[in-house]
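To keep things clear, I will list the structure first and then write my remarks on it.
Note that this is a predicted model, so its numbers are computed, not measured. Note that these values count all heavy atoms, side chains included, but never hydrogens, waters or copies made by symmetry.
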Amino acid sequence: FVTITGADFRQTPTVLFCVEYAEGDDCTPAASVVWTSSTKVEAVTPAHTAGIVEVVLVNPDGQYAVKGGGFLFSPPPHVYAVVPPSGSTLGGTKVTLEGTAFQAGATVTIGGVPAIGIVIKDSEHIELTTPPGTTGPAVVVVRNADGATHTLSGGFLYVPPPLISNVFPNLGPETGGTVITIQGSGFVTGAAGSVVRLGTADIAANKTQVVSPILIQIEAPPGVGPAAIRITNPDGQFAVLGGAFTYIPPIPAPEINGVAPPYGPTGGGFQVKITGNHFLDGAEVSFGVSGVWAKGFLADVKNNGTLVVV
């Protein structure tokens, strides 16, 4: 609505928006007119080409009044580009809209959700932060203060962040070399795809294989202790799984210090205690000479790896 004030307005007037009324140039009647009093009329503006126009009120008796430059038809906003054109489904991406005819007080929605922190830099640039959204293309709508809008279908693409769901094996030697498989989602394939960090070490490109959006394989570099795995996508989104891989110190070879008793019958069947260090559960004991070995039965590691009973 526009409100026209003046004097001697009669009921059922006509309101025109003209480039030049006297010449009959580009005159368009108001979409609707409401006579309020002899001094006030309200009208709904029609569609019109952009520019400053005359406002003409014509009484039923044909008398009229012209207000030169009385109304400005502003061009509608138009969005040409969204930079960057994609970002996280979590929101928070800093975006600039490039276009024309942006007005102070304009609002922006992305996927139907109001944008955050809108700053109208000038009539051709709007800065904002994206709200959270769902995976896939989203419609970008700019609405000017005068109600004019522009819709850019698929103007912004919401991309989910990567997710790490499983790592195996989850341990390996401190010397490195373990081939680790990482399962998840949202990984980016290709030469400029996802990059992986294990602990504090970035995995070299030739030690990383992004097999698919759900599978990555890497070769572990040397390291110590528990290590987090971080996967970063080209758009800056990342996933971290703390303590995903544990480096194991080198395990010393077993060491035998004594055998008791040191002898027994050739038929076997007697118990022997072997003392020493670095015996592990599941150890096997064999008896023999000159490369001919016979495996013992029921080896049992005790005393924190210092005694084997067989």
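Among all heavy-atom pairs drawn from Q237 and V159, the shortest one is NE2-O, 3.1 Å. Residues A31 and T45 come closest through the heavy atom pair CB-O, 4.2 Å. Pairing each heavy atom of G243 with each of P226, the nearest pair is CA-CB, 4.4 Å. Between E54 and G68, the closest heavy-atom pair is CG-CA, 4.0 Å. When all heavy atoms of A30 and A43 are compared, the closest pair comes out as CB-CB, 3.9 Å. Residues A283 and A299 approach most closely at O-CB, 3.6 Å, considering heavy atoms.
Note that the CD atom of Q209 and the CD atom of Q217 stand 6.0 Å from one another [nearest 0.5 Å]. Rounding to the nearest 0.5 angstrom, the gap separating the OG1 atom in T96 from the CD atom in E127 is 4.5 Å. Once rounded to the nearest 0.5 Å, the distance linking SG of C18 with NE2 of H48 reads 7.0 Å. Atoms OG1 and CD, on T36 and Q11 in that order, are 10.5 Å from each other to the nearest 0.5 Å. Here the NZ atom belonging to K302 is positioned 10.5 Å from the CG atom belonging to D281, to the nearest 0.5 angstrom. Taking CG of L215 as the reference point, atom CG of N166 lies at 10.5 Å (rounded to 0.5 Å).
Side-chain contact between I248 and P173 is absent, with no heavy atoms from C-beta onward closer than 4.5 Å. Counting only heavy atoms from C-beta outward, the side chains of E174 and P250 approach each other to under 4.5 Å. At a threshold of 4.5 Å between non-hydrogen side-chain atoms, the residues I251 and H278 do not count as touching. Proximity of V141 to T151: side-chain heavy atoms (C-beta onward) are separated by under 4.5 Å at one or more points. The shortest side-chain heavy-atom distance between L90 and P161 falls under the 4.5 Å cut-off. Taking 4.5 Å as the limit, every side-chain heavy atom of V301 sits out of range of all side-chain heavy atoms of L280. Side-chain contact check for T100 versus P75: every heavy-atom pair is 4.5 Å or farther apart. With a 4.5 Å cut-off on side-chain heavy atoms, V83 and E98 count as touching.
Judged as a salt bridge (Lys or Arg N to Asp or Glu O under 4.0 Å), and not counting sequence neighbours, D235 has no contacts.
Under the 3.5 Å distance criterion, the side-chain polar atoms of N144 are matched with a main-chain donor or acceptor of Q103. Here the side chain of R143 pairs a donor or acceptor atom with the backbone of G147 at under 3.5 angstrom. The backbone N or O of F238 lies less than 3.5 Å from no partner atom in the side chain of T232, so there is not a single donor-acceptor pair. At distances below 3.5 Å, at least one donor-acceptor pair connects side-chain atoms of N59 with backbone N or O atoms of R10.
Heavy-atom neighbours of L72 CG from other residues, nucleotides or ligands within 6.0 Å: above the threshold of 12. Atom CD of E255 sits in a crowded spot, with more than 12 heavy atoms from other residues, nucleotides or ligands closer than 6.0 Å. Counting heavy atoms of neighbouring residues, nucleotides and ligands inside a 6.0 Å radius, atom CD1 of I214 does not exceed 12 of them.
L163 and F168 fall into different hydrophobic clusters, where Ile, Leu, Val, Met, Phe, Trp and Tyr are joined by side-chain heavy atoms under 4.5 Å apart, directly or via other members. Both I274 and F270 belong to a common hydrophobic cluster when Ile, Leu, Val, Met, Phe, Trp and Tyr are linked at side-chain heavy-atom distances under 4.5 angstrom.
Applying the under-4.5 Å side-chain rule to Ile, Leu, Val, Met, Phe, Trp and Tyr, the cluster around I120 extends to V79, V82, V95, L97, F102, V108, I110, I118, I126, L128, V140, V142, L152, F156, Y158. The other residues sharing a hydrophobic cluster with V33 are V2, I4, F9, V15, F17, W35, V41, V53, V55, L57, F71, F73, where clustering joins ILVMFWY side chains under 4.5 Å apart. In this structure, I218 belongs to a hydrophobic cluster whose other members, linked by side-chain heavy atoms under 4.5 Å apart, are I164, V167, I180, I182, F187, V196, L198, I203, V210, I216, I229, I231, L241, F245, Y247.
Within the structure, salt bridge (charged side-chain N to carboxylate O under 4.0 Å, His left out) contacts touching residues 208-220 (residues at least two apart or in different chains) are K207-E219. Pairs engaging residues 122-148 under the ring-ring contact (aromatic ring centres under 6.0 Å, His included) rule: none recorded [sequence neighbours left out].
Side-chain polar atoms of T129 and K94 form a donor-acceptor pair below 3.5 angstrom.
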